[in-house]
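To keep things clear, I will list the structure first and then write my remarks on it.
We're numbering straight along the sequence, starting at 1.
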Amino acid sequence: MSARDDPTPLLLAGEVRPPIPIRPIRPRRFRGLEVTFALVSLARRSLLLSVRGKATPEVLGAMVRDTVLALGGLWVKFAQILSSSYAVFPAGFRHPLLELHHASPGFPPEIARRIVEEELGAPIDREFLSFEDQPFAAGSIAQVHRAVLREGRRAVVVKVLRPDAEDVFALDLRLLSLLARLASVLPRFRVLRLRELGGGLARMLAEEVDLRRESAHLRSLRRPLRAHRIRVPRTWRRLARRRILVCEEIHGVFLSDFIRVVEHEPHRALAWARENGIRPGKLARRLFLTHLRQALEEINFHADPNPAEIVLQRNGKVAFIDFGAVGTFDQHEQTTYSRWYRSIAVREYRDAVDRFMKLVEPVPPIDLDAFREQLIRTLRTWDADTRHRYLPHERRSLVGMAALLAQVTQGYGVGLDWRFVLLDRSRLSIDLAMRYLNPRADYHRELNRYFAEARVRSRAVKKASEAVMVLATATDSEQRISDLGGNLRDILRRNALQFRATSSKLAGVVEILSTRVRFATTLAGVFLAVVFVHQRWLHFPIERTTARLDDLIGLLPPLGGTEWLAIGLLWFLVHRAAANVHRRMTRAEARPHTVVVG
């Protein structure tokens with residue numbers, strides 16, 4: 001990356017970024033008792049606050065955040081998923097949980113060095129000129145160190161898996177599954193389908209605790225996201241291991257830092273954006289459109305574009321730096337979601353509800369007509385709110401719409417579908433960015449903009465496919481002509497002795513025929529050129545002296561560029577074949593005592 005892309009620093013006035021706190025790795029011998037005690041303590045404090053009337057969503061969210069940070073392991077990841085569950089929890093509860101993406105403590109640097117050397121099978125100095133002991137970022141699964149590679153002296157970051165990640169996550173997953181089974185007995189929690197959430201968490205963690213998968217995601221998504229004008233760091237495949245990941249360091253300002261300054265010092269944040277050539281509204285649109293394009297058009301999509309993992313650079317350049325969570329949609333799910341969003345974009349809410357009901361299948365035995373009408377009224381209420389820019393962003397956004405629909409589905413006993421939890425995380429992260437970058441965004445307009453661009457891309461792909469087929473057809477035609485000539489040469493060779501006396505006459509006949517074919521193709525080429533010019537430029541001056549010429553010009557219907565390309569290729573191949581035959585027959589005539597073919 002060029003240093004010219006590096007923006008000026010951005011922090012709150014007088015702020016100094018504190019180092020990542022380091023905590024020793026504790027033995028997990030009594031992990032079950034530790035988790036049970038922490039959860040019981042959390043429930044007791046929540047009950048006391050409820051009795052006193054102080055249990056606001058913000059206070060409860062902060063308590064859950066502090067509890068899971070102390071527990072670490074799977075509970076941090078579970079709380080991160082809760083932060084994207086806008087269908088269940090209010091915004092005030094979810095916002096403190098968003099801090100969990102970048103608030104986890106680190107582990108001792110000597111352990112990180114040992115893990116790197118074990119994975120590489122060599123001293124750390126063999127691959128790195130320098131390796132910073134103090135991590136500059138830490139999460140529930142890994143922490144990140146800056147380093148410099150010996151190869152090319154490239155500045156890189158080294159992601160190191162927590163040493164107890166797999167064991168702690170396996171134990172926590174068993175505890176969470178037990179709690180989910182107990183909670184599912186209660187009707188109030190049955191609609192949440194917590195047991196399905198446990199299965200989804202197990203699959204998600206199986207990918208995230210193997211950093212080779214993230215390395216593969218970085219390589220597979222780097223080129224597609226380049227078309228979205230999103231940068232993805234380069235990774236070194238030869239250094240990819242199960243517990244370490246090495247990729248280039250991208251300098252810039254995290255979107256989470258920009259959002260924090262917008263909240264406390266908005267004028268300073270806007271001045272910084274102008275200084276670095278960043279237009280917040282345009283940036284918000286790019287993030288929103290790339291989210292839809294990945295989810296609805298491509299094989300994989302970034303499932304957690306959290307503001308703490310989005311880097312802003314000069315002149316509006318953007319980079320995604322973490323690809324631990326990547327989702328996949330099959331074609332049926334993509335088509336259903338695309339039609340759902342398209343119906344929302346054009347305000348066809350009855351059709352939108354039909355699409356929505358396919359997404360929440362299976363539906364329990366309920367009054368389907370009443371359910372549909374309630375969903376339609378909910379969408380129309382949301383639509384009315386979107387027309388008033390002064391209303392809070394949460395009431396006008398797509399996440400707000402989804403939360404309203406979730407309230408209706410839960411009221412009818414339709415459970416949550418955790419299959420789409422990764423898409424929900426991605427949508428919530430983008431919505432959080434939209435809230436601060438473009439709080440007055442018109443989501444109907446943005447959806448229509450996306451579908452207009454998608455149609456252009458679809459037409460371009462279709463034309464490219466047609467061009468490839470035309471070229472393939474032309475190549476096949478040339479091969480057939482070549483095969484025909486080869487067959488003709490074989491026949492003539494086998495019968496050369498029988499027709500030696502008449503070879504000169506045969507060569508003469510073929511020469512005459514080839515000459516006439518060349519003359520005919522030349523006339524046809526001139527005629528096609530006249531028709532092409534006439535169709536392309538309507539005011540081209542053509543002297544129509546006879547009605548027959550008018551009829552000839554009208555023989556061909558209006559043709560597109562692809563059809564004219566195919567006709568031109570076919571004419572060229574026929575004309576060249578006739579010229580080759582004429583040239584060979586002329587050579588044969590020059591040697592009357594020998595029949596020469598080819």
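Annotation: side chain to side chain contact (heavy atoms under 4.5 Å, CB included) contacts of A454 (sequence neighbours excluded): E297, Y450, R457. Residues meeting the side-chain hydrogen bond (donor to acceptor under 3.5 Å, both in side chains) test with R174, sequence neighbours left out: none. Qualifying ring-ring contact (aromatic ring centres under 6.0 Å, His included) partners for H444, counting only residues two or more places apart in sequence or in other chains: W382. Remark: R372 pairs with D354 by the salt bridge (Lys or Arg N to Asp or Glu O under 4.0 Å) rule, at least two apart or across chains. For R380, there are no side-chain hydrogen bond (donor to acceptor under 3.5 Å, both in side chains) partners at least two apart in sequence or on another chain. For H332, there are no ring-ring contact (aromatic ring centres under 6.0 Å, His included) partners two or more places apart in sequence or in a different chain.
Side-chain atoms of R286 and H228 include no donor-acceptor pair closer than 3.5 Å.
R23 and L69 make their closest contact through NH1-O, 3.6 Å (heavy atoms, listed as atom of the first residue, atom of the second, distance). Heavy atoms only, all atoms of each residue included: F301 and T328 are closest at CE2-N, 3.6 Å. The two atoms that bring L391 and R396 nearest to each other are O-NE, 3.2 Å, heavy atoms only. When all heavy atoms are compared, the tightest approach of L296 to S338 is CD2-N, 3.9 Å. Heavy-atom minimum distance, A284 versus N438: CB-CB, 3.8 Å. Of all heavy-atom pairs spanning E208 and G324, the tightest one is CG-O, 3.4 Å.
Here the options are H217, R219, R212, the test is side-chain hydrogen bond (donor to acceptor under 3.5 Å, both in side chains), and the partner is S215; only R219 passes.
Using modelled atom types, no side-chain atom of T36 and backbone atom of L33 make a donor-acceptor pair closer than 3.5 Å. Q334 places a side-chain N or O within 3.5 Å of a backbone atom of A295 that can act as its donor or acceptor partner.
D351 and R339 are not joined by a salt bridge, as no carboxylate oxygen comes within less than 4.0 angstrom of a charged side-chain nitrogen. A salt bridge links E166 with R242; the closest basic N to acidic carboxylate O contact falls under 4.0 Å. Contact check on K159 versus E214 returns a salt bridge, with a Lys/Arg side-chain nitrogen under 4.0 Å from an Asp/Glu carboxylate oxygen. Of the charged side-chain nitrogens involved, at least one lies within less than 4.0 Å of a carboxylate oxygen, so that E394 and R435 count as a salt-bridged pair. Ion pairing between a basic and an acidic side chain is recognised when a charged N comes within 4.0 Å of a carboxylate O; D442 and R389 show such pairing.
More than 12 heavy atoms of other shown residues, nucleotides or ligands fall within 6.0 angstrom of atom CZ in R45.
Aromatic ring orientation, F320 versus H302: perpendicular (interplanar angle above 60°, classes split at 30° and 60°).
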Working for ring-ring contact (aromatic ring centres under 6.0 Å, His included), residues Y436 and F258: CA-CA 9 Å; Y436 291 97; F258 179 77; 9.2 Å; no

Working for side chain to side chain contact (heavy atoms under 4.5 Å, CB included), residues L211 and R243: CA-CA 6 Å; L211 296 183; R243 294 188 293 170; 5.5 Å; no

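Looking at heavy atoms from C-beta onward, L289 lies in side-chain contact with R449 at the 4.5 angstrom threshold.
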